[in-house]
Amino acid sequence: MSDSQDRIIIFDTTLRDGEQSPGATLNKEEKLTIARQLARLGVDVIEAGFPFASPGDFEAVQTIAQQVGTPDGPTICGLARATRGDIKAAGEALEPAANKRIHTFIATSDIHLQYKLRKTREEVLAIAPEMVAYAKTFTDDVEFSPEDAGRSDPEFMYRVLEAVIDAGATTVNIPDTVGYTTPTEFGALIRGIKENVRNIDKAIISVHGHNDLGLAVANFLEAVKNGARQLECTINGIGERAGNAALEELVMALHVRRQYFNPFLGRPAESEEPLTQINTREIYKTSRLVSNLTGMFVQPNKAIVGANAFAHESGIHQDGVLKNKLTYEIMDAQSIGVNENQIVLGKHSGRNAFKSRLKELGFDLSENELNKAFLNFKKFADRKKEITDWDLESIVNDQIQQPPELYKLELAQVSCGDRLRPTATVTLRAPNGEEKTAVALGTGPVDAVYKAIHQIIDLPNELIEYTVQSVTAGIDALGEVTVRLRHEGRVFSGHAANTDVIVASAHAYVNALNRLYGAMQSPSFSAQAEPTVTSRV
Ligand code: KIV
Ligand code: ZN
């Protein structure tokens with residue numbers, strides 16, 4: 001283990017725990033696009049999903065294993081409960097990856113044992129090493145997690161960890177599953193493991209934590225100081241409930257404060273060698289990609305990647321920054337890739353230039369997808385003179401992200417102004433090919449359009465989020481609209497980009513309704529108002 005002990009391993013679980021955010025469901029193509037970008041970002045391990053949960057999860061993990069799990073790429077990991085069925089599914093889905101890891105877990109807290117598992121400590125102590133040994137028949141790289149470690153009896157957890165390491169676990173991951181611990185407690189938990197688990201030198205200590213009290217990142221940094229060498233995190237901190245520890249915050253804390261952290265990793269304080277393998281200049285792009293594809297909006301004041309993270313509003317701050325950036329800035333926006341927004345293409349750019357720029361940005365489109373994207377690009381280029389990398393990403397993500405087009409928006413037209421009542425005319429093509437038109441009045445143009453759409457696609461739902469963001473500065477910028485709606489406790493998101501925000505709004509709403517409508521066609525839909533325990537951890 002010693003070769004990687006003096007740097008921090010970044011284990012990204014955006015596609016597994018992050019995807020457990022309500023409404024963040026991603027399709028296979030979207031997961032693949034994110035996995036490719038995570039590889040460009042330089043994460044060490046991608047937890048690509050939970051293969052036993054559904055055939056869709058299995059296929060997504062398998063595809064990522066095939067296409068991103070190349071010999072020089074990241075390790076691809078699949079989650080499995082400590083059961084033979086789960087572990088076998090993970091082993092099979094990961095088979096094509098050059099470097100693969102099975103991550104298996106069972107709870108160790110008395111609360112989980114008594115109410116969820118209905119098992120005794122002795123039973124858990126027997127199952128955990130047996131399942132680790134079984135996972136070893138698929139790969140040498142096996143990670144074990146004692147779920148709800150933060151509320152487990154440490155003495156019992158030490159015994160479980162010793163047993164799984166004896167059985168071959170190469171990483172032991174300590175989850176604060178319910179985000180309950182404080183930094184000092186979590187640091188002490190990790191120190192306790194280092195001091196009391198007899199064979200701990202044979203495994204990497206990892207941490208995983210949820211943000212219920214807003215402490216996940218702080219807990220992880222204390223864990224690093226006490227011996228943790230792998231951090232499990234997600235882009236933008238998305239995940240179950242209040243989310244997971246945010247990758248960008250951890251990486252930048254370790255980067256900006258490396259002189260503080262260096263000694264805890266046995267390095268000279270002044271060492272400039274990075275503590276992680278992350279290419280920080282890919283952070284902003286990755287954040288936007290994940291936000292667009294999951295429909296999870298990033299709050300403007302979010303550390304590192306929020307729209308205001310590098311904005312100085314007050315005169316005193318602006319004056320200071322103009323005199324010397326160091327007065328109010330501890331890191332440079334460029335270090336996370338913010339200012340690398342070059343103008344790359346215009347309406348005269350050809351298909352080859354378009355294709356090669358997309359390739360450089362990490363998009364590997366099929367011929368058909370490329371043709372469609374090129375047509376969209378030309379349409380935008382007619383309206384917007386200069387097309388930046390961010391515009392390109394937005395155009396392509398918008399296309400990739402489309403759910404099956406069950407209802408198709410054919411026309412959205414609005415009249416509004418201070419002397420008019422906002423009135424919308426919308427025409428949709430229904431799945432049976434029939435065209436339907438509706439006219440509606442609204443409090444504003446978007447409300448009028450949504451009411452007209454709702455008259456045609458009459459599915460009961462509550463609009464719980466509507467956001468518009470501009471992709472770049474300038475009056476001709478693309479507007480990206482994200483909507484999230486709720487139906488019987490389940491959340492469906494839709495996303496669209498257009499220079500006309502009313503048109504983007506209409507498309508985003510129809511996308512979300514198509515997701516809902518598509519889900520309703522599935523026979524299991526009504527039995528599944530909330531994600532089930534078997535499909536979610
Ligand atoms: O939060 C948690 O405990 C988990 C485990 C599966 C690691 O996600
Ligand atoms: Zn978790």
Side-chain angles (χ1 to χ4, degrees), residues 9-22 24 45-53 57 61 75 77-83 86-87 89-90 101-113 115-117 124 127-128 131-132 135 141-152 157 160-161 164 169-181 186 189-190 193 203-217 219-220 223 228 230-247 250 294 296 531-537:
I9 298 167
I10 298 295
F11 175 115
D12 180 278
T13 182
T14 305
L15 296 175
R16 197 279 296 171
D17 214 326
E19 209 229 358
Q20 289 178 212
S21 312
V45 185
I46 296 177
E47 188 164 51
F50 181 13
F52 187 80
D57 273 37
V61 174
T75 295
C77 175
L79 185 72
R81 288 169 301 184
T83 68
D86 275 38
I87 292 170
R101 174 181 299 184
I102 294 178
H103 174 192
T104 187
F105 70 98
I106 189 165
T108 48
S109 71
D110 289 333
I111 302 175
H112 277 233
L113 262 61
Y115 298 107
K116 187 181 85 170
L117 298 177
V124 167
I127 293 168
M131 289 303 115
V132 166
D141 188 348
V142 175
E143 172 170 329
F144 172 81
S145 293
E147 192 191 7
D148 203 15
R151 292 187 300 169
S152 298
M157 192 176 63
V160 174
L161 295 180
V164 296
T170 41
T171 300
V172 288
N173 176 50
I174 310 305
D176 182 12
T177 303
V178 291
Y180 178 71
T181 59
F186 201 57
L189 185 66
I190 303 304
I193 290 168
I204 300 271
I205 303 179
S206 165
V207 286
H208 177 109
H210 287 265
N211 211 21
D212 299 66
L213 296 175
L215 295 173
V217 168
N219 284 349
F220 279 29
Q230 174 179 284
L231 307 180
E232 298 202 356
C233 43
T234 60
I235 301 295
N236 301 336
I238 63 170
E240 192 78 53
R241 305 184 310 280
N244 287 66
L247 179 147
L250 290 164
T294 57
M296 304 277 298
T532 59
V533 181
T534 47
S535 69
R536 299 288 167 202
V537 182

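For ligands, and for the atoms within them, numbers begin at 1 and follow the listed sequence. These values consider heavy atoms only, across backbone and side chains, with no hydrogens, waters or symmetry-generated copies. Not measured: the values here are computed from a predicted model.
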When you measure from the side chain of D12 to the backbone of T14, do you find a donor-acceptor pair of N or O atoms at a distance under 3.5 Å?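 The answer is yes, because a donor-acceptor pair under 3.5 Å joins these two groups.
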Between T177 and D148, does any side-chain donor sit less than 3.5 Å from a side-chain acceptor? no
Quick one: do the T13 and N244 side chains pair a donor with an acceptor below 3.5 Å?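 No pair is found: no donor N or O on one side chain lies under 3.5 Å from an acceptor on the other.
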Given side chains that start at C-beta, do those of F11 and T75 come closer than 4.5 Å, heavy atoms only? no
Decide yes or no for V207 and L231: does some side-chain heavy atom of the first lie under 4.5 Å from some side-chain heavy atom of the second?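 They are in contact (side-chain heavy atoms under 4.5 Å apart), so the answer is yes.
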With respect to H103, determine whether any N or O atom, backbone or side chain, lies less than 3.5 Å from an N or O atom of ligand 1. no
Working for salt bridge (charged side-chain N to carboxylate O under 4.0 Å, His left out), residues K116 and E147: CA-CA 12 Å; K116 187 181 85 170; E147 192 191 7; 2.6 Å; yes
Please work out whether any backbone atom (N, CA, C, O) or any side-chain heavy atom from C-beta onward of R16 is under 4.0 Å from ligand 1, and answer side chain, backbone, both or neither.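 Within the 4.0 Å criterion, R16 contacts ligand 1 through side-chain atoms alone.
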With the threshold set at under 4.0 angstrom, would you say E232 reaches ligand 1 through any of its heavy atoms? no
Going by side chain to side chain contact (heavy atoms under 4.5 Å, CB included), I127 matches just one of L117, I106, V132. Which one? I106
Output the list of atoms in ligand 1 that are nearer than 4.0 Å to some heavy atom of [X], sorted by atom number.
X	value
D17	8 (O)
T177	1 (O), 2 (C), 3 (O)
E147	3 (O)
H210	1 (O)

Atom name in [X], limited to N/O/S, at shortest distance from the Zn ion (ligand 2):
X	value
D17	OD2
H208	NE2
H210	NE2

